[in-house]
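Here the structure comes first, spelled out in structure tokens, and everything after it is commentary.
Since the model is a prediction, treat every value here as computed from it, not as a measurement.
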Amino acid sequence: MKKIFIPFLIVLLSYNAVAQEQDATSQRVITTGVPFILIAADARSAGMGDIGVATSADAFSQQWNPAKYAFAISKQGVGVTYTPYLSQLVNDIFLGNLTYYNRINERSAVAASFRYFSLGDIELRETAEQEPLLQSPNELTFDVSYALRLSDRFSMAVAGRYLRSDLKLQAGNADASAGSSFAVDVAGYYQSEEIPYNDFDGRWRAGFNISNVGPKISYDETGQENNLPTNLGLGGGFDFILDEYNKIGVNAEINKLLVPTPSDSNDDGVIDREDDYYNESFFSGIFSSFGDAPDGFSEELKEFTWALGAEYWYQDVFAFRAGYFNESEDKGFRKFLSLGAGFKYTAINIDISYLFSTSKVRSPLEGTLRFGLTFNFGDEYDEY
């Protein structure tokens, strides 16, 4: 669908694609460049409230915790997802994801993924009669990872990522160009043996992922540099193995952006490029992000998001999922419920999810069905 320039700007502003100058008295919402990286690209995690750091391994572990690949059941897998964005307004903005993993042996695995975020076609014109200039802004990432089991029950992984953000508009700034950067992830994952309890068996899981650690991104030589969405994810879960047919997994996860909090350091009443917030390096910003909130510890706590999710499997064939995501009212106010389902037939998995906003801030994914398709092939490992 072709759109005019003004609605496109509204989309960008609502999406927080680039950090904007803020009034010092307003809510201090942390903004970054390329925030599309944080959108749940797969329907399984989306159906559980955007949870994935400590869930069981699947083809889409690359985004959430690549260390999980060392515990994958199938030797190889390919995953494809499609997520419409702002689907109730337009029909050509979407996030696509393609992932491949290969468990090399019992202790190690490699994976690669490609994510593409299209903002549709934009028509630029000064008058209604003028021949439009067609633009197609987009963003993408390509990453590779390596996972290694350091013990029978614990693995770690590193990932490297290339990012490219092409949001330039020829009519707006002739000097603007596509921004690019690189980032790394460091992740760990623990999965226990199956433990017998009185009425059921169980399995514990835990994980962490420090993701998108890398230099800032900018769109021209003199323009403002924007932090990458460096993020700390911590999660835990437990599987209730009721019998050979029924299994319920419950999960909890917290996340925090390791990016400085916007603050008016020079007390001029405006948060702009003259403040330390914009000039701090990405590396020092990771550490200062734990204690730089102007209102102290109480505000730091508000910068953590949390989510709860559950997944029920029947005979490892049908799955039903539900989740809840919560963010402070002062830090973005994202709150939503999600539902999902999955179906497995031999080596093929099909997943879908749906989201319901529960706050005044309506999610761009409201009323959107997300789809995922996984193909598993090769020998299977006996992890359970």
Side-chain angles (χ1 to χ4, degrees), residues 1-22 29-41 63 80-98 113-128 130-143 161-183 212 214-230 257 259 273 278 332 334 362-366 368 370-371:
M1 176 180 177
K2 296 181 178 179
K3 302 172 290 298
I4 62 174
F5 181 52
I6 293 178
F8 170 63
L9 285 181
I10 294 174
V11 170
L12 287 183
L13 292 173
S14 65
Y15 185 60
N16 288 327
V18 179
Q20 303 293 321
E21 294 183 1
Q22 301 175 353
V29 178
I30 297 177
T31 56
T32 70
V34 292
F36 83 98
I37 301 175
L38 301 178
I39 301 173
Q63 176 179 1
V80 181
T81 67
Y82 176 77
T83 301
Y85 199 79
L86 289 171
S87 61
Q88 296 188 354
L89 297 178
V90 295
N91 61 9
D92 61 351
I93 299 181
F94 68 90
L95 173 65
N97 180 53
L98 174 65
S113 69
F114 174 76
R115 266 179 286 174
Y116 181 80
F117 185 63
S118 170
L119 284 92
D121 293 332
I122 313 300
E123 288 185 354
L124 303 178
R125 65 178 86 196
E126 294 182 358
T127 65
Q130 184 182 30
E131 185 72 20
L133 174 64
L134 190 65
Q135 302 278 280
S136 301
N138 61 81
E139 298 179 296
L140 61 86
T141 66
F142 175 76
D143 42 44
R161 179 170 298 110
Y162 169 75
L163 312 99
R164 186 176 187 272
S165 179
D166 188 359
L167 302 179
K168 67 180 185 296
L169 298 173
Q170 295 179 9
N173 184 355
D175 297 327
S177 61
S180 63
S181 186
F182 65 89
N212 305 314
K216 296 180 180 181
I217 189 171
S218 63
Y219 297 90
D220 58 70
E221 294 182 357
T222 60
Q224 174 183 304
E225 293 184 321
N226 301 285
N227 285 285
L228 300 183
T230 306
L257 283 172
V259 177
R273 299 184 191 181
Y278 283 108
R334 291 176 298 162
R362 188 177 178 87
S363 170
L365 293 165
E366 178 82 24
T368 297
R370 285 186 259 192
F371 299 92

task: Side-chain contact test, heavy atoms from C-beta onward, threshold under 4.5 Å: evaluate it for Leu228 versus Thr32 and give yes or no.
output: no
Taken to the nearest 0.5 Å, the spacing of Phe182 CZ from Leu163 CG works out to 10.0 Å
Show your working on side-chain contact (heavy atoms from CB on, under 4.5 Å) between Asn212 and Val34 and close with a plain yes or no.
-> CA-CA 10 Å; Asn212 305 314; Val34 292; over 6 Å; no
Check step by step if side-chain contact (heavy atoms from CB on, under 4.5 Å) holds for Leu140 and Tyr116. CA-CA 4 Å; Leu140 61 86; Tyr116 181 80; 4.1 Å; yes
Pro84 meets the side-chain contact (heavy atoms from CB on, under 4.5 Å) criterion, sequence neighbours left out, with Tyr82, Ser87, Thr368
Residue set satisfying salt bridge (Lys or Arg N to Asp or Glu O under 4.0 Å) with Arg164, at least two apart, ordered chain then number -> Asp166
query: Taking Gln63 for the side chain and Ala41 for the main chain, is one N or O donor matched with an acceptor at less than 3.5 Å?
result: yes
### Task
Output, in order, the C-alpha distance, side-chain angles, deciding distance and verdict of ring-ring contact (aromatic ring centres under 6.0 Å, His included) for Phe117 and Tyr85.
CA-CA 9 Å; Phe117 185 63; Tyr85 199 79; 5.4 Å; yes
Within the distance-only criterion (no hydrogens, no angle test), does the side chain of Ser181 pair as donor or acceptor with the backbone N or O of Pro215 below 3.5 angstrom?
yes
CD1 (Ile93) and OG1 (Thr83) are apart, to the nearest 0.5 Å, by 13.5 Å
In short, Gly33 meets Asn226 closest at the heavy-atom pair N-CB, 3.8 Å
dist Ser113:OG -> Leu98:CG (nearest 0.5 Å) comes out at 8.5 Å
Notebook entry, point to check: Is there side-chain contact between Phe36 and Leu95, with heavy atoms separated by less than 4.5 Å?
Noted result: yes
d(Leu38 CG, Leu257 CG) to nearest 0.5 Å is 6.0 Å
* **Check: Asp143 and Arg115 side chains under 4.5 Å, non-hydrogen atoms** => yes
Value for OG1 (Thr81) from CG (Asn97), rounded to nearest 0.5 Å, stands at 4.0 Å
Donor-acceptor under 3.5 Å (Ser165 side chain, Gly179 main chain):
no
Q) Under the 3.5 angstrom rule, does the side chain of Arg161 hit a backbone N or O of Phe142 as a donor-acceptor pair? A) no
